[in-house]
Amino acid sequence: QRRVHGAAFLLTFSYQLFFDAKYDHSAKRTKDENSECETLRYQLAMGYSMFFSNSLFLALALFFQLYLLKAFDKRLNFCVSILSAAGLVYWLAFENEKTVKKRRG
């Protein structure tokens, strides 16, 4: 069960990385500092980061479980597929943040 908690840990950090990249990127494009606009921008960035991370995690976990690790023991299949999917989502979020920072200069 500790391995599954590790996946939740990685997904939580990937949410934060995707959110930071999207929120900062959208904040740079608009100069309006209206409170309502800022709240909407925050909600959009949070919704995007959660939807994208969860969709990617689900697709990767299903791919690993149903195709790549199908021949392995079910317990090993579950642990490895969940951790691999969460790790890849975190890695993609980290690379996305590096790319956004590089574009900003």
Side-chain angles (χ1 to χ4, degrees):
Q1 283 183 341
R2 290 181 186 217
R3 292 182 182 159
V4 177
H5 295 301
F9 184 73
L10 288 173
L11 282 175
T12 302
F13 278 117
S14 65
Y15 295 152
Q16 187 65 38
L17 289 173
F18 276 124
F19 171 76
D20 289 341
K22 184 71 174 173
Y23 187 68
D24 291 342
H25 182 66
S26 65
K28 289 285 185 182
R29 285 189 288 177
T30 59
K31 299 294 182 186
D32 185 18
E33 294 300 323
N34 189 354
S35 175
E36 184 177 323
C37 184
E38 186 69 22
T39 303
L40 290 174
R41 190 179 307 125
Y42 180 85
Q43 290 174 352
L44 173 70
M46 182 58 74
Y48 168 80
S49 67
M50 298 223 20
F51 174 76
F52 186 75
S53 296
N54 286 338
S55 299
L56 190 60
F57 172 75
L58 180 63
L60 287 171
L62 288 175
F63 173 74
F64 286 138
Q65 284 182 352
L66 299 177
Y67 295 107
L68 201 60
L69 302 171
K70 189 176 184 179
F72 290 95
D73 179 49
K74 293 189 185 300
R75 290 173 293 207
L76 180 67
N77 182 341
F78 177 75
C79 291
V80 171
S81 62
I82 296 297
L83 280 175
S84 299
L88 278 173
V89 170
Y90 176 74
W91 178 74
L92 287 171
F94 184 73
E95 291 298 317
N96 181 49
E97 185 183 31
K98 280 184 7 185
T99 303
V100 168
K101 283 183 180 180
K102 200 179 286 185
R103 284 183 186 170
R104 278 190 230 141

Measure the spacing between OG of S14 and CZ of F52 and express it to the nearest 0.5 Å. 10.0 Å
Hey, could you give me the CG/CZ distance between L58 and F63, rounded to the nearest 0.5 Å? 14.0 Å
Using the rule that Ile, Leu, Val, Met, Phe, Trp and Tyr join whenever any side-chain heavy atoms are under 4.5 Å apart, tell me whether F51 and Y15 fall into a single cluster. no
If two hydrophobic side chains count as joined below 4.5 Å and joins carry through other members, does L60 share a cluster with L66? yes
Going by atom type alone, with no hydrogens or angles, which donor-acceptor pairs under 3.5 Å involve a side-chain atom of residues 84-99 and a protein atom two or more places apart or on another chain?
| residue | atom | partner | partner atom | Å |
| --- | --- | --- | --- | --- |
| S84 | OG | V80 | O | 2.7 |
| E95 | OE2 | K98 | NZ | 3.4 |
| T99 | OG1 | E95 | O | 2.9 |

Test item: S81 side-chain N/O and F78 main-chain N/O as donor-acceptor pair under 3.5 Å: yes
Donor-acceptor pairs are to be reported for all side-chain atoms of residues 70-77 against protein atoms at under 3.5 Å, with residues two or more places apart or in another chain.
| residue | atom | partner | partner atom | Å |
| --- | --- | --- | --- | --- |
| D73 | OD2 | R75 | NE | 3.3 |
| N77 | ND2 | Q65 | O | 3.2 |
| N77 | ND2 | L69 | O | 3.0 |

Least distance between heavy atoms, S49 atom then F18 atom: CB-CB, 3.6 Å
Closest contact, heavy atoms only, I82 versus A61: CD1-CB, 4.3 Å
